[in-house]
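Keep in mind that the numbers below use all heavy atoms, side chains included, and drop hydrogens, waters and symmetry copies. None of these values were measured; they are calculated from a predicted model.
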Amino acid sequence: AIKAGVYLRQSTIDGQNYESIEEQLEFIRHRLNSGQVRSAIYPNCKIEISDEYIYLDRGKTGRIGRDNYNAFKHAIQMGEFRLGLVYDLSRLTRELGSLLDAYNLAHAYEVELISISESISSHTEGSRIHFIAKGMANEMQSESTSRQTRRGLELRALSGKSTGNNPYGYTSKSENPDKPREMHEPANKIVTIEETAAKVVRKIFELYGSTEQGVESIAKLLNEEKILSPTKKQWMGRTVHGILKQPKYIGIWVYGRTCIKRDPTRDKLVQVARPQNEWVVQNYEHLRIIPQELWDRVQSKLKTVEETRRQARNKSESIWGRSRGLANHLFTGSMVCGECGRNFMTISGKSGGYMGCRKAHRIGGCKNKKIVLIRWVEHTLLTELRAWIDNPETLD
């Protein structure tokens, strides 16, 4: 008997059929038991599937989160089985280039890949042509599905319906909550203001536009008041900044700013900007949370702060200097808080700069407010380092 590994994937496109992975496995077992699968390398051997070599990714599309596909390829490299079985080649990937990568991997490690439903083997005569043809067909189908999905989302955006990923302060609900949705029908949910979160958004804008507080101090205040962030965790300055820059809070909704493409140099999916003429821009006054006057005031302050940062970015003595709280400062992380264990970071630019506990001064939740001069830290640690280097035993 020859040992075989199996890779199974249920695409999100197949999501309505939750049992599709089980059906794929049952189909493969049936074909094996009825003698309909024949290996090109081991034509006279019985093929056996062990549970430890069954790799499945449920509800996965494309390359996102396919950990078990990577494990399947790693097992091929480690020689853990001699045959790799799939329901069809599109379960491996719908991209021609990636499918050829799988084909080349199989040949490099002498593992035969067999598509059970299509009766295609990686080790028969002309198999490379079969893989190329299937890869081209699968990629064309994938592109067609992608275009259809985008058209559907554009229509939803144009009609004011939810396209997913609503920002903090908004939610979506069914147009006809009393009418059950049929499986073939789109969700077609409409966007509405979620008033509890919208109050927090208004508070953030008021604090930033009407006080001297910055994004870090606002985040700290929200944490002290036990208000959960959009991720249900603690607020961070960058989260507050993202809210202050969100045009949807004044009723400007833009769909299609970016799209996902594959970077072949890194073999990863990356987000890239779309041309502006492909954007769908709609103005919905009924979804406005922030009045225009407050929005303009906040944007003016943000612009002023950014300009101040830009001008002072190369000045180490400035609070906006390159070393402010960043890991590339020589001694960031050289001290930790005795109260909570978090790193000390640059928290002030006065008198050459001070370091303090990040949690106490930026996030909240730590009582250790002690700060130390950066120049004292640098003098002390450099003195210690110099003494260590000057020691002959160190050189030895």
**Item:** Nearest-0.5 Å distance that lies between atom CD1 in I193 and atom CD1 in I289
**Value:** 5.0 Å
**Request:** May I ask you to test the I190-S172 pair for a side-chain heavy-atom distance under 4.5 Å?
**Result:** no
**Centroid separation Y168 to W235 less than 6.0 Å** = yes
**Request:** Determine whether L302 and L244 make a side-chain contact, defined as any pair of heavy atoms from C-beta on separated by less than 4.5 Å.
**Result:** yes
**Parallel, tilted or perpendicular: ring planes of H107 versus H123, cut at 30 and 60 degrees** = parallel
**Prompt:** Just checking, R257 and W279: is the charged tip under 6.0 Å from the six-membered ring centre and within 45° of the axis?
**Reply:** yes
**Complete:** Of all heavy-atom pairs linking C340 and C366, the shortest is SG-SG, 3.7 Å
**Prompt:** Mind checking whether F27 and Y87 have ring centres under 6.0 Å apart?
**Reply:** yes
**Prompt:** Side-chain contact, heavy-atom cut-off 4.5 Å: L222 with I204?
**Reply:** yes
**Request:** Using the test side chain to side chain contact (heavy atoms under 4.5 Å, CB included), find all partners of L228 that sit at least two apart in sequence or belong to another chain.
**Result:** K232
**Request:** Please determine, by modelled atom types, if E112 and S122 share a side-chain donor-acceptor pair under 3.5 angstrom.
**Result:** no
**Request:** Assess the side chains of S34 and Q36: does a donor N or O sit below 3.5 Å from an acceptor N or O?
**Result:** yes
**Request:** Check the angle between the aromatic planes of F81 and F72 and answer parallel, tilted or perpendicular using the 30° and 60° thresholds.
**Result:** parallel
**Prompt:** Taking side chain as C-beta onward, heavy atoms only, is M236 less than 4.5 Å from H241?
**Reply:** no
**Complete:** Taken to the nearest 0.5 Å, the spacing of W295 CH2 from Y249 OH works out to 9.5 Å
**Item:** Contact summary for R297 and S210, nearest pair of heavy atoms
**Value:** NH1-OG, 3.0 Å
**Closest approach of V215 to G237 (non-hydrogen atoms, all atoms of both residues)** = CB-O, 3.6 Å
**Asked** To the nearest 0.5 Å, what is the distance between CG (D296) and CD1 (I290)?
**Response** 12.0 Å
**Prompt:** With no hydrogens and no angle check, is any side-chain donor or acceptor of R358 less than 3.5 Å from a backbone partner on N343?
**Reply:** no
**Request:** May I ask you to check if K3 and Y53 form a cation-pi contact, with NZ or CZ under 6.0 angstrom from the six-membered ring centre and within 45° of the axis?
**Result:** no
**Request:** Answer whether the closest heavy-atom distance between the side chains of W253 and L287 falls below 4.5 Å.
**Result:** yes
**Prompt:** Quick one: does T394's side chain have a donor or acceptor within less than 3.5 Å of a partner on W388's backbone?
**Reply:** yes
**Message:** With heavy-atom distances below 4.5 Å as the criterion, would you say the side chains of I243 and F205 are in contact?
**Reply:** yes
**Message:** For Y354 together with W376, are the ring centres under 6.0 Å from each other?
**Reply:** no
**Request:** Consider only side-chain N and O atoms of R288 and N283, and report whether a donor and an acceptor are under 3.5 Å apart.
**Result:** no
